[in-house]
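Only one structure is covered here, and it is reproduced in the block below.
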Amino acid sequence: DLRLDVQYAPQITEFSVKASFGLVLSQGGTIYAEAGSTVNFNCTADGNPVPSLSIDGPTTILASAELKKTILKTVTRIDGSRDDGVYNCKAANSVAVAPEKRITFNVYELPAIKFFDLNGKKESDPGQCRNVPTDAKETLLCLSSGQPNPHVTILNPEGVVVANGSQQAFYNFNADQKVNGTYQCHARNIGNVTATALRSICVMNSPERKGLSKGAIAAIISVLLFVIVVVLIIFTVVCGTKEGTRRFFRIPSVDDPPIENQPVITHPFEETEESHQKIRTESINTSIN
């Protein structure tokens with residue numbers, strides 16, 4: 001019997017990734033596997049003679065053998081950047097070398113909330129309400145971890161997004177009764193896994209201040225100003241003349257009637273005809289004597 005052995009160039013029929021646990025996700029042409037999982041790279045080719053298969057990764061050849069049409073390689077304890085990169089599946093026989101196939105591979109880490117509390121504070125028990133004084137200016141900060149960097153959102157008690165960002169988000173607010181309630185922080189990177197944390201904010205009423213209030217102080221100042229204005233008006237009306245000024249300050253005048261048993265007082269600054277006549281009379285008497 002004649003047997004015809006037809007030789008032909010190899011062709012890669014499959015290049016895939018499977019993980020021992022967790023999700024294997026494809027996004028934007030990149031394959032993701034969860035950190036810590038065991039990953040199988042499956043390279044299958046067809047050809048005659050049986051092709052030699054190899055899989056090389058970012059730093060080293062993972063496998064090279066002639067194992068019929070399929071080769072599996074296990075990579076354990078994926079640790080992120082060491083295993084991220086481009087993996088190539090190659091096939092060759094004595095006829096030709098097959099066009100290689102590539103997989104861009106990255107390790108993902110599930111998102112986690114590392115901190116969700118007021119900025120600058122030591123994180124407290126999520127079940128406890130964070131007390132904030134009225135009118136205080138505070139920042140609610142949410143920090144996350146994960147690979148790729150998670151997208152972080154903060155929701156207010158009404159469920160409205162008030163802040164978002166990559167890997168972290170912060171919400172600035174002035175404390176009043178409107179910000180009371182429970183806030184949520186969500187962190188998500190790829191897939192449907194979302195990390196969530198809660199933080200309750202309780203705005204405290206300001207303690208009562210001892211002493212006069214600002215309104216009472218303003219009222220007292222207004223009354224004092226009114227009294228000063230009234231006094232100035234009265235002074236202006238009454239003291240509009242020299243006589244009025246004398247009467248207001250009770251300054252005696254030469255025209256005032258003498259007080260019983262008191263000498264008549266002549267104001268030193270006021271010269272009258274009577275005072276001049278008295279001075280002349282006294283001078284004449286002195287000369288005669």
Side-chain angles (χ1 to χ4, degrees), residues 22-23 25 27-28 30 32 34-36 80-81 106-233:
L23 299 173
L25 305 170
Q27 180 173 311
T30 299
Y32 289 89
E34 186 177 343
S81 60
N106 279 340
V107 177
Y108 75 86
E109 296 177 359
L110 294 176
I113 306 295
K114 294 298 184 182
F115 180 88
F116 187 39
D117 208 329
L118 298 182
N119 190 26
K121 308 290 186 182
K122 183 178 180 181
E123 190 171 25
S124 60
D125 185 349
Q128 295 179 352
C129 196
R130 172 64 79 178
N131 293 324
V132 179
T134 302
D135 297 331
K137 294 182 179 180
E138 297 287 356
T139 298
L140 187 61
L141 176 65
C142 183
L143 300 176
S144 71
S145 64
Q147 181 62 35
N149 289 337
H151 180 71
V152 180
T153 56
I154 296 177
L155 284 70
N156 67 10
E158 287 73 36
V160 178
V161 175
V162 292
N164 61 79
S166 175
Q167 200 169 7
Q168 66 177 8
F170 53 90
Y171 171 52
N172 298 317
F173 64 90
N174 291 329
D176 56 28
Q177 296 303 318
K178 295 180 181 179
V179 302
N180 270 329
T182 301
Y183 290 76
Q184 304 175 48
C185 177
H186 298 306
R188 180 177 181 178
N189 48 18
I190 61 175
N192 295 319
V193 179
T194 301
T196 301
L198 303 177
R199 171 60 58 197
S200 295
I201 301 295
C202 296
V203 178
M204 302 180 297
N205 293 326
S206 299
E208 294 183 1
R209 298 178 180 177
K210 296 181 179 180
L212 296 175
S213 65
K214 292 182 179 179
I217 294 175
I220 292 174
I221 293 174
S222 298
V223 171
L224 290 176
L225 290 175
F226 176 77
V227 171
I228 292 172
V229 170
V230 171
V231 170
L232 289 175
I233 292 174

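Just so it is clear, the values below take in all heavy atoms, side chains as well, and ignore hydrogens, waters and symmetry mates. Just so you know, residue 1 is the first one in the sequence shown, and it goes up from there.
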Exercise: identify the closest heavy-atom pair between [X] and [Y]:
{"X": "S166", "Y": "N149", "answer": "OG-CB, 3.8 Å"}
{"X": "F173", "Y": "Y171", "answer": "CD2-O, 3.7 Å"}
{"X": "P111", "Y": "A195", "answer": "O-CB, 3.4 Å"}

With a 4.5 Å limit on heavy-atom distance, are the side chains of [X] and [Y] in contact?
{"X": "V132", "Y": "C202", "result": "no"}
{"X": "V152", "Y": "Q168", "result": "no"}
{"X": "I154", "Y": "F170", "result": "no"}
{"X": "L155", "Y": "Y183", "result": "no"}
{"X": "T182", "Y": "P157", "result": "no"}
{"X": "L118", "Y": "I201", "result": "yes"}
{"X": "T153", "Y": "C185", "result": "no"}
{"X": "V107", "Y": "E34", "result": "no"}

Spacing of [X] atom [atom1] and [Y] atom [atom2] [to the nearest 0.5 Å]:
{"X": "F116", "Y": "L143", "atom1": "CZ", "atom2": "CG", "value": "10.5 Å"}
{"X": "C129", "Y": "R199", "atom1": "SG", "atom2": "CZ", "value": "9.0 Å"}
{"X": "S145", "Y": "L110", "atom1": "OG", "atom2": "CG", "value": "9.5 Å"}
{"X": "S200", "Y": "Q128", "atom1": "OG", "atom2": "CD", "value": "10.5 Å"}
{"X": "I190", "Y": "Q147", "atom1": "CD1", "atom2": "CD", "value": "9.0 Å"}
{"X": "N174", "Y": "T134", "atom1": "CG", "atom2": "OG1", "value": "11.5 Å"}

Which residues satisfy the salt bridge (charged side-chain N to carboxylate O under 4.0 Å, His left out) test with R130, sequence neighbours excluded?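 Listed in chain order: D117.
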Quick one: list whatever passes side-chain hydrogen bond (donor to acceptor under 3.5 Å, both in side chains) with [X], sequence neighbours left out.
{"X": "N106", "answer": "none"}
{"X": "E138", "answer": "none"}
{"X": "H186", "answer": "Q184, T196"}
{"X": "N180", "answer": "Q177"}

Enumerate the residue pairs fulfilling salt bridge (Lys or Arg N to Asp or Glu O under 4.0 Å) with a member in residues 164-189, sequence neighbours excluded, ordered by first and then second residue.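 For residues 164-189, and leaving out neighbouring residues, there are no salt bridge (Lys or Arg N to Asp or Glu O under 4.0 Å) pairs at all.
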N156: which of V161, V179, V162 passes side-chain contact (heavy atoms from CB on, under 4.5 Å):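 Between N156 and the candidates, side-chain contact (heavy atoms from CB on, under 4.5 Å) is satisfied uniquely by V162.
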Could you tell me whether a side-chain N or O of N189 sits under 3.5 Å from a main-chain N or O of Y108, the two making a donor and an acceptor?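 Answer holds: no.
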